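Bear in mind the structure is a predicted one, so any value in this text is a computation, not a measurement. By convention in this document, chain letters (A, B, ...) are assigned in the order of the sequence lines, proteins followed by strands, and residues within each chain are numbered from 1.
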Amino acid sequence: MKRDPLAAIAAALLAAALLLPADSAAAPLEQPIRYSHKVHVTDYKLDCRFCHVNATKSAYAGIPSVAKCMMCHRVIATDRPEIRKLAQYWKEKKPIPWFRVTELQEYTYFPHFRMVTYGKVPCLTCHPGIDKDDIAVQRQEFSMGWCLTCHRGRGVSIDCWTCHI
Amino acid sequence: MKRRWAMVIDMDLCTGCGACVVACVAENNTPTVGEAEAGKGRLMHWIRVVRYFRKEHAETRAIFVATPCMHCEKAPCEIVCPVYATYHDEDDHVNAMVYNRCIGTRYCGNNCPYSVRVFNWWDYKREKPLDEQLNPDLTVRSRGVMEKCSYCIQRIRRGKEAALKEGRDIRDGEVLPACAQTCPPGAIQFGDLNDPGSAVSRLMKDPRRFRLMEHLGTEPSTVYLKKLRAQGR
């Protein structure tokens with residue numbers, strides 16, 4: 001059967017569009033250090049909460065301090081150029097000016113510890129695919145409908161004031 | 001766990017100092033509107049101290065009525081909102097206001113018999129460095145949005161979170177709104193009516209108790225204790 005080449009191309013494009021993750025991931029940010037979540041989480045099996053310690057006890061997960069990075073990187077991979085950059089920040093006693101990747105609307109209160117410690121929600125529910133990222137991007141758009149789907153499913157509060165005050 | 005927050009204001013203890021107003025402004029990111037706007041009756045305070053003067057023989061006595069939101073059980077403001085921006089919070093039994101849902105019809109403010117709802121007529125700018133004193137626990141409201149006393153819902157939530165972390169119930173007196181915390185003579189009491197041992201539950205049985213505009217049937221959660229009157233006071 002002879003196939004129309006144009007139709008084949010269109011089908012291929014359609015397939016590509018469908019196969020690509022159906023997300024609206026923003027363009028990756030150029031961070032001061034090319035930190036890879038993939039290397040740390042997927043390759044070396046570090047727990048998210050090893051670095052983002054506050055996620056279990058505070059509203060904000062937080063970004064680890066340079067001291068936290070240097071706990072390991074004083075001895076691990078010290079010759080790599082990106083680790084040298086890290087060591088430079090350590091030497092100058094300066095924080096790393098990371099750019100924020102995951103943004104939540106400022107009229108929304110999202111206590112991380114409530115989800116992580118008491119709701120037992122896995123980190124990847126809201127941050128899908130970040131464990132496979134060489135450069136972190138936000139893949140999940142935090143719309144209210146998306147939040148509510150999970151809240152309804154778990155039978156937890158869907159009161160307006162739970163998240164908006 | 002369902003709670004029924006209530007406030008008891010003892011008018012006999014209130015000296016009308018206005019510390020509650022200042023504390024509320026600081027806690028709740030309430031804008032300072034300036035003289036011109038205040039002249040138009042657009043003050044944004046969530047609690048105000050109303051003064052009444054009574055002439056008794058040679059002297060004039062002042063009676064102060066601190067007026068926050070009454071958090072009515074049958075709230076007149078809730079039923080008129082066309083977009084359900086104000087509704088009754090079933091978990092805490094307070095009258096909730098959702099700023100990002102509000103479209104600014106001001107029906108609620110018109111229907112409030114206590115006039116405790118205030119409207120953002122403008123985006124009130126905070127000069128540097130005053131913007132750094134904003135409370136990060138709650139939204140900074142923008143223009144065209146109605147707002148009112150929330151019984152410091154952010155503090156209630158902090159209290160709940162602290163209790164959750166320690167695996168216990170909220171203790172009486174642990175959660176206090178800014179006005180109650182700051183009141184120098186301790187005229188404002190706050191607590192949970194569902195807890196029979198709480199201070200407000202006891203004060204609710206006080207014979208001096210009354211409610212503002214009780215005849216309207218709004219069933220306010222904020223109640224008052226009448227001023228005692230005696231010779232020379």
Does any heavy atom of chain A fall under 4.5 Å from the side chain of [X], the backbone, both, or neither of them?
X: B:Y84; answer: neither
X: B:D89; answer: both
X: B:R157; answer: side chain
X: B:V94; answer: side chain
X: B:D92; answer: neither

Point to revise | Pair B:E174 + B:R168: basic N to acidic O under 4.0 Å | key: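 Here B:E174 pairs with B:R168 in a salt bridge, since their nearest N and O are under 4.0 Å apart.
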Check your understanding: Does the separation of the ring centres of B:H71 and B:Y151 fall below 6.0 angstrom?
Key ->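 Yes, ring centres under 6.0 Å apart.
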Practice item. Indicate, with yes or no, if the rings of A:F50 and A:H40 have centres closer together than 6.0 Å. Key: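 No, the ring of A:F50 stays outside the 6.0 Å limit from the ring of A:H40, centre to centre.
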Point to revise | Shortest non-hydrogen separation from B:W5 to B:S221 and the atoms involved | key: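 The pair with the smallest heavy-atom distance is O-CB, 3.7 Å.
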Review point. What option among A:F113, A:Y107, A:W161, A:Y118 has the most heavy-atom pairs under 4.5 Å with chain B?
Key: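 The answer is A:W161.
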Check your understanding: Knowing that exactly one of B:I47, B:N28, B:N95, B:V118 qualifies, which makes a side-chain contact (heavy atoms from CB on, under 4.5 Å) with B:K148?
Key ->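 So the option named by the test is B:N95.
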Review point. In this structure, which one of B:P220, B:P76, B:P68, B:C69 forms a side-chain contact (heavy atoms from CB on, under 4.5 Å) with B:Y114?
Key: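 Exactly one pass, corresponding to B:P220.
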Check your understanding: Measuring heavy-atom distances to chain B, does A:T162 have an atom under 4.5 Å in its side chain, in its backbone, in both, or in neither?
Key ->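 Just its backbone gets close to chain B.
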Review point. Do you know which of B:V98, B:I153, B:D91 has the most heavy-atom pairs under 4.5 Å to chain A?
Key: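 It is B:I153.
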